[in-house]
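None of the values given here were measured: they were computed from a predicted structure. Only this structure's heavy atoms are used, side chains among them; waters, hydrogens and symmetry mates stay out.
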Amino acid sequence: MSERVLWHNARLASLDGPAPWGWIENGALLTEGERIAWVGDASAAPAHDSVRDLGGAVVTPGLVDCHTHLVYGGQRAREFEMRLHGAGYEEIARAGGGIRSTVAATRAAGEGELLALAQRRLDALAGEGVTTVEIKSGYGLSLEAEARSLRVARRLQGADVVTTYLGAHALPPEYTGRQDDYVAAVCDWMAALQAEGLVDAVDAFCEGIGFTPAQTRRVFEAASALKLPVKLHAEQLSDQGGTQLACKFDALSCDHLEHLSPAGVQAMAKTGTVAVLLPGAYYFLRETKLPPVAALREAGVPMAVSTDHNPGTSPTLSPLLMLNMACTLFRLTPEEALRGMTVNAARALGLADRGRLAAGLRADFCAWDIEHPNELAYYFGRNPLRLRVRGGRTQPEPS
């Protein structure tokens, strides 16, 4: 039997139950192996084998970063400079920059180099409390390069990794003028990647500079035939109706959503699809059109928050900064923001075994040197992480 460890002298933001924050003032957790066996008031703690004193820390579920692009070569600081001189996102992309420049750098990098780069990025996320991360492909855009990227994601250490196949991210140069042919190739590669155990879900970029709704439908039909769940980069730069399409396939999430229509909101509410908000990209691109947070809230659509780490539009590795931006830019409450990077982020990945502190769930949690969980969204440029526990085991503290 696994050791029963009592983690006590803590205040718990369990995010479970009816109380705000799922707050337990004199809280304790009992873990047994990788699972939580009990959560409650320390005065009622069950029998245990050993004790860990958390020193009065605030304890939350481990953070879940549900939308990232961690595996790539190179960087795009030059484009950042160009943008400040007036070049737009679409202008850069159509000129052969943007995603295509990262594709070239990623294809040129070996698997070992990609692994080392991605591991450093994941270490940074873990250093701010991330215990589960989603990693998309989409910078290879060939069967060989997409497979290499997904294999790298599977090899990363320090957090649970969920992989997403994003072959329909951009048109590679060898398919110029043959977008439908490329979509057919993306669909063909899917089965081979799944057979290698590399794909947990399928994504696409449905946008004027990406893929049309009709092409996205073909990708989703191929995913459905393989029983793979789908998600979508939707309504970031324009309203393509991608959200309604994704919901017809019971999408786990639709992400970005600055141009989401009322019909899209209602479609998400009907299917329970998670709205993944990405304030880092909104900030970095200096966008002005906000996602319809009030409408999503009123419709009961679950809202997640993520870093969207990528080299072109959100080169952040700070999930805590995203909590702050979700509040300051998108007007989420601090509790909504934290739920967005725990409960709802796990839901966006189809994971029901994490995101809350409750008996039977994974023992993924963080202890923070703060007085109240609202401080996680209040501060920026400060990391109060004291301890990160993943699967019941203490992980290295941030340096």
Side-chain angles (χ1 to χ4, degrees), residues 2-16 21-42 45 48-65 119-120 122-133 156-161 307 317-324 334 337-339 341-343 345-346 353-359 361-399:
S2 300
E3 183 181 24
R4 291 166 62 86
V5 181
L6 183 70
W7 307 75
H8 76 126
N9 191 13
R11 291 162 294 157
L12 306 185
S14 71
L15 305 181
D16 188 56
W21 303 93
W23 187 253
I24 303 174
E25 177 64 30
N26 181 34
L29 291 149
L30 183 72
T31 60
E32 189 169 354
E34 294 185 351
R35 299 286 164 179
I36 299 172
W38 173 87
V39 179
D41 191 282
H48 48 273
D49 301 314
S50 63
V51 174
R52 291 288 303 271
D53 189 334
L54 292 172
V58 168
V59 175
T60 70
L63 302 185
V64 178
D65 199 353
Q119 187 64 64
R120 287 200 290 271
L122 180 55
D123 289 346
L125 296 177
E128 288 196 2
V130 170
T131 52
T132 299
V133 62
L156 294 171
Q157 303 293 314
D160 288 2
V161 174
T307 63
L317 287 165
S318 177
L320 295 179
L321 179 58
M322 296 305 98
L323 293 180
N324 175 270
L338 183 58
R339 287 182 180 275
M341 204 169 269
T342 52
V343 182
D353 66 343
R354 65 200 70 194
R356 296 173 291 123
L357 302 180
L361 301 191
R362 274 184 58 87
D364 293 350
F365 56 91
C366 295
W368 309 89
D369 283 320
I370 54 179
E371 295 297 317
H372 191 277
N374 61 18
E375 295 177 46
L376 294 176
Y378 165 69
Y379 290 109
F380 55 96
R382 177 192 174 201
N383 181 7
L385 182 67
R386 177 187 298 181
L387 188 71
R388 186 176 68 106
V389 175
R390 183 170 68 94
R393 295 191 173 197
T394 303
Q395 303 290 294
E397 296 185 31
S399 58

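- The heavy-atom pair separating Ser14 from Gly22 by the smallest distance is OG-O, 2.7 Å.
- The minimum heavy-atom distance between Ser2 and Gly33, with the atom names listed, is CB-N, 3.4 Å.
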Worksheet item: Given the rule in the salt bridge (Lys or Arg N to Asp or Glu O under 4.0 Å) test, do Asp364 and Arg388 qualify, once you have shown the distances and angles that lead to the verdict?
Response: CA-CA 8 Å; Asp364 293 350; Arg388 186 176 68 106; over 6 Å; no

Practice prompt. Start with the C-alpha distance between Val130 and Val64, add both sets of side-chain angles, then the distance that settles side-chain contact (heavy atoms from CB on, under 4.5 Å), and finish with yes or no.
Written response: CA-CA 6 Å; Val130 170; Val64 178; over 6 Å; no

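- With rounding to the nearest 0.5 angstrom, the CG atom of Leu63 is 5.0 Å from the SG atom of Cys366.
- Smallest separation of non-hydrogen atoms from Val389 and Gly392: CG1-C, 3.6 Å.
- Closest non-hydrogen pair, Gly55 versus Asp53, comes out as N-OD1, 2.7 Å.
- The side chain to side chain contact (heavy atoms under 4.5 Å, CB included) test applied to Asp369 returns Arg386, not counting sequence neighbours.
- A side-chain donor-acceptor contact under 3.5 Å links Asn324 to the backbone of Ala377.
- For Trp38, the ring pair (Phe, Tyr, Trp, His ring centres under 6.0 Å) criterion is met by no residue, not counting sequence neighbours.
- The backbone N or O of Ala363 lies less than 3.5 Å from no partner atom in the side chain of Thr31, so there is not a single donor-acceptor pair.
- To the nearest 0.5 Å, atoms CG (Leu323) and CG (Leu376) are separated by 6.5 Å.
- You'll find the side chain of Arg354 stays beyond 4.5 Å of the side chain of Leu361, heavy atoms only.
- Legend: residues meeting side chain to side chain contact (heavy atoms under 4.5 Å, CB included) with Val343, ordered by chain and number and at least two apart, are Leu15, Arg339, Arg356.
- Heavy atoms only, all atoms of each residue included: Thr342 and Gly62 are closest at CG2-O, 3.8 Å.
- Contacts of Gln157 classified as side chain to side chain contact (heavy atoms under 4.5 Å, CB included), with partners at least two apart in sequence or in another chain: Gln119.
- Between the CG atom in Leu385 and the CD atom in Glu128 there is a gap of 8.5 Å [rounded to 0.5 Å].
- Between Arg52 and Leu6, every side-chain heavy-atom pair lies at or beyond the 4.5 Å cut-off.
- Screening Asp16, Leu357, Ile36 against Pro61 for a side-chain contact (heavy atoms from CB on, under 4.5 Å) leaves a single residue, Leu357.
- To the nearest 0.5 angstrom, Phe365 atom CZ is 5.0 Å from Leu29 atom CG.
- The closest donor-acceptor contact from the side chain of Asn383 to the backbone of Gly127 lies under 3.5 Å.
- If you take CH2 on Trp21 and OG1 on Thr60, they are separated by 10.0 Å, rounding to the nearest 0.5 Å.
- For an aromatic pair to be called close, the ring centres must be under 6.0 Å apart, and His372 with Trp23 satisfies this.
- For the pair Pro319 and Leu125, the minimum side-chain heavy-atom distance is below 4.5 Å.
- Between the Arg11 side chain and the Glu371 main chain, a donor and an acceptor come within less than 3.5 Å of each other.
- Taking both residues in full, the closest heavy atoms of Ala359 and Val39 are given as N-CG2, 4.3 Å, listed atom of the first, atom of the second, then distance.
- Between Val59 and Leu54 there is a side-chain heavy-atom pair separated by less than 4.5 Å.
- A side-chain contact (heavy atoms from CB on, under 4.5 Å) with Arg362 is found for one member of Asp160, Thr131, Thr132 and no other, namely Asp160.
- Checked against side chain to side chain contact (heavy atoms under 4.5 Å, CB included), Tyr379 has the following partners two or more places apart in sequence or in another chain: Glu375, Arg382.
- Applying the salt bridge (charged side-chain N to carboxylate O under 4.0 Å, His left out) criterion to Arg4, with sequence neighbours excluded, gives Glu32.
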